[in-house]
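Take a look at the structure below.
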Amino acid sequence: MRSGILINIFITLILLFLPYDIFSQVMNGWQASKETVERLQKNQIEFNYYEEKVPSYILPDLLVTEKGKKIRSTGMWEKIRRNEILELFRKNVYGRVPSTPFSESFRLIKEDRNAMGGDATLKQVDITINSDGRTLDIHLTIFIPNKAVKPVPAFLLIDNRGPENTDPLRLVKSEFWPAEEIIARGYAIAVFSNADIDPDNFDDFKNGIHGLLDRGERKPDSWGTIAAWAWGASRCLDYFETDKEIDAENVAVVGHSRGGKTALWAAAEDQRFAMAVANESGCGGASLARRKYGETVSRITKAFPHWFCSNYKKWGNNEDSMPVDMHMLIALIAPRAVYVTSASEDLWADPRGSYLSLYHSLPVFRLYQPVTRLTEQMPPLNIPSISGKLAYHVRDGVHNLLLKDWNWFLDFGDTVLK
Ligand code: GTR
């Protein structure tokens with residue numbers, strides 16, 4: 001009893017002597033700093049950065065079917081509601097993969113059993129997609145830890161930054177893809193360039209995989225570039241399933257920013273992925289569209305018309321009528337693992353809106369694991385919040401993917417992939 005009182009006094013004293021900023025975060029969770037809000041708001045007056053100006057909104061219900069039936073079990077979720085929501089995302093956001101037949105083959109281009117000073121095996125694999133006699137190659141680079149005694153879980157990065165971050169010779173190293181550190185933690189680490197599947201520019205869907213697989217006129221729900229990149233991640237997973245050194249049932253798909261949007265959609269479409277990591281994925285990724293905070297649907301569809309299906313444009317300035325919001329995208333990944341992140345200076349990607357998506361996906365995750373809990377309040381800066389298969393952090397600093405982020409992904413991976 002006495003020691004309880006002493007502990008309380010001790011905690012109160014610590015809180016009293018903390019700098020105000022940290023004190024407020026411990027009590028209220030992370031909030032954007034006033035200075036950052038004002039700076040960004042001044043530079044981009046047409047977008048909102050003030051939390052007080054976020055409109056009130058009602059999110060579509062995850063657990064009521066289109067016919068008004070209440071979902072009460074994982075069976076009903078999987079049989080009815082999950083399929084409805086998946087279809088809504090195909091139709092209204094990312095678009096539909098065409099049913100054009102194709103074949104694929106894998107070719108080991110290079111193998112080095114003595115990479116990273118003997119710590120890892122390097123494999124460079126070309127995945128060739130063939131349709132009607134024309135082909136497209138995805139170049140997959142993989143390091144596998146040599147110490148492993150059984151197939152290892154893997155992280156697959158969708159690289160949207162260019163090859164200077166993913167040097168297979170390891171002469172150039174980058175925190176964006178910290179291969180050595182990931183190998184040391186006992187995971188395989190793989191990467192492919194999104195440009196192999198579809199170059200990141202608007203060319204009316206003539207090049208990349210669109211050029212290979214699209215037939216006839218484009219429709220309002222034809223797949224966009226994000227759906228194409230997500231499809232490419234699944235082709236890499238097809239290869240993992242053939243490699244005895246990789247545990248293909250425990251692969252995390254990871255992406256930063258536009259890559260983060262892609263990672264979420266890849267794991268929603270392909271239930272073989274055990275985990276999705278959406279690093280600072282923002283609008284069209286984890287952040288709730290209805291909040292209209294930072295980047296908006298209307299802005300993203302103007303700036304990047306090739307990323308989504310053309311139906312998505314309809315929801316710009318009309319978010320409240322959109323039949324989905326991004327908590328439903330996260331729910332599609334249940335009961336598999338999801339890690340969402342933000343950065344404290346990256347308000348364009350709406351940290352609070354990204355966290356709230358995770359929070360509002362809880363009803364579905366709790367159908368599987370009733371003990372999963374998150375508070376509506378965000379965790380403090382640089383303190384990951386993990387419950388069951390859900391994880392989130394807000395890292396200090398600007399829009400980027402850093403070793404600090406990866407270390408937290410690996411910690412979470414240790415609880416869900418091993
Ligand atoms: C920005 C875009 C974001 C985000 C980012 C990126 O210009 O507005 O949605 O995707 O690019 O991918 O780096």
Side-chain angles (χ1 to χ4, degrees), residues 32 36 40-41 43-49 89 93-95 157-166 174-177 191-202 208 224-230 232-233 253-268 276-309 312-313 315-317 319 322 325-326 329-330 339-355 357 394-395 397-402 405-406:
T36 310
L40 293 176
Q41 191 64 84
N43 292 339
Q44 290 178 293
I45 38 170
E46 66 275 39
F47 300 102
N48 176 44
Y49 287 103
F89 273 101
V93 184
Y94 302 106
L157 176 70
I158 301 160
D159 179 24
N160 56 307
R161 281 242 177 125
E164 61 280 14
N165 291 288
T166 62
S174 156
E175 290 194 29
F176 197 72
W177 193 65
V191 66
F192 70 96
S193 167
N194 62 355
D196 282 357
I197 291 147
D198 198 20
D200 193 358
N201 54 44
F202 181 68
T225 296
I226 288 178
W229 295 335
V253 59
V254 185
H256 167 65
S257 207
R258 64 200 71 187
K261 308 179 209 296
T262 310
L264 290 173
W265 183 235
V277 182
N279 195 67
E280 299 156 28
S281 59
C283 182
S287 73
L288 290 176
R290 280 166 172 75
R291 278 172 49 85
K292 294 177 232 168
Y293 184 105
E295 188 171 27
T296 58
V297 174
S298 144
R299 194 274 179 184
I300 205 169
T301 50
K302 281 194 196 101
F304 305 99
H306 56 297
W307 281 358
F308 303 92
C309 71
Y312 190 47
K313 277 195 210 94
W315 310 114
N317 298 318
E319 288 83 350
M322 185 159 70
D325 213 320
M326 301 327 234
L329 175 62
I330 289 169
Y339 202 134
V340 169
T341 82
S342 306
S344 60
E345 302 288 310
D346 180 22
L347 306 190
W348 183 239
D350 188 10
R352 178 146 184 82
S354 306
Y355 178 76
S357 265
V394 51
R395 170 186 47 72
V398 296
H399 188 64
N400 206 346
L401 172 56
L402 299 175
D405 299 302
W406 277 104

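When a ligand or atom number is given, it counts from 1 through the structure's own listing order.
- A salt bridge links Glu280 with Arg395: at least one charged nitrogen is closer than 4.0 Å to a carboxylate oxygen.
- The proximity of Glu295 to ligand 1, defined as any non-hydrogen pair under 4.0 Å, is limited to the side chain.
- Here the two rings, on Tyr94 and Trp307, have centers that are 6.0 Å apart or farther.
- Remark: ligand 1 atoms within the under-4.0 Å shell around heavy atoms of Trp307 are 9 (O), 10 (O).
- For the side-chain hydrogen bond (donor to acceptor under 3.5 Å, both in side chains) with His306, the qualifying choice from Asp200, Asp198, Thr225 is Asp200, the only one to do so.
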Chi angles and distances behind the side chain to side chain contact (heavy atoms under 4.5 Å, CB included) call for Leu401, Trp406: CA-CA 8 Å; Leu401 172 56; Trp406 277 104; 3.6 Å; yes

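- Cation-pi geometry between Arg352 and Tyr355 is not satisfied (NZ or CZ under 6.0 Å from the ring centre, within 45° of the ring normal).
- For ligand 1 and Ser257, the ligand atoms under 4.0 Å from any heavy atom of the residue are 4 (C), 5 (C), 6 (C), 10 (O), 12 (O), 13 (O).
- Close contacts between ligand 1 and Arg299 involve ligand atoms 8 (O) [criterion: under 4.0 Å to a heavy atom].
- Contact annotation: Glu280 has no heavy atom less than 4.0 Å from any atom of ligand 1.
- Results of the side-chain contact (heavy atoms from CB on, under 4.5 Å) test with Phe176 over Val191, Asn160, Leu402, Asp405 single out Asn160 as the only residue that passes.
- Taking a cut-off of under 4.0 Å to the non-hydrogen atoms of Lys261, the atoms of ligand 1 that pass are 3 (C), 4 (C), 9 (O), 10 (O).
- Looking at His256 against ligand 1, nothing comes within 4.0 Å, counting heavy atoms.
- Here the protein heavy atom with the shortest distance to atom 12 (O) of ligand 1 is Arg258 NE, 2.5 Å.
- With Arg161 as the fixed residue, the side-chain contact (heavy atoms from CB on, under 4.5 Å) test singles out one of Asn400, Asn194, Thr166: Asn400.
- Near Phe304, meaning under 4.0 Å from any of its heavy atoms, are these atoms of ligand 1: 2 (C), 7 (O), 8 (O).
- Atom numbering of ligand 1 starts at 1 in the shown order; those under 4.0 Å from a heavy atom of Ile300 are 9 (O).
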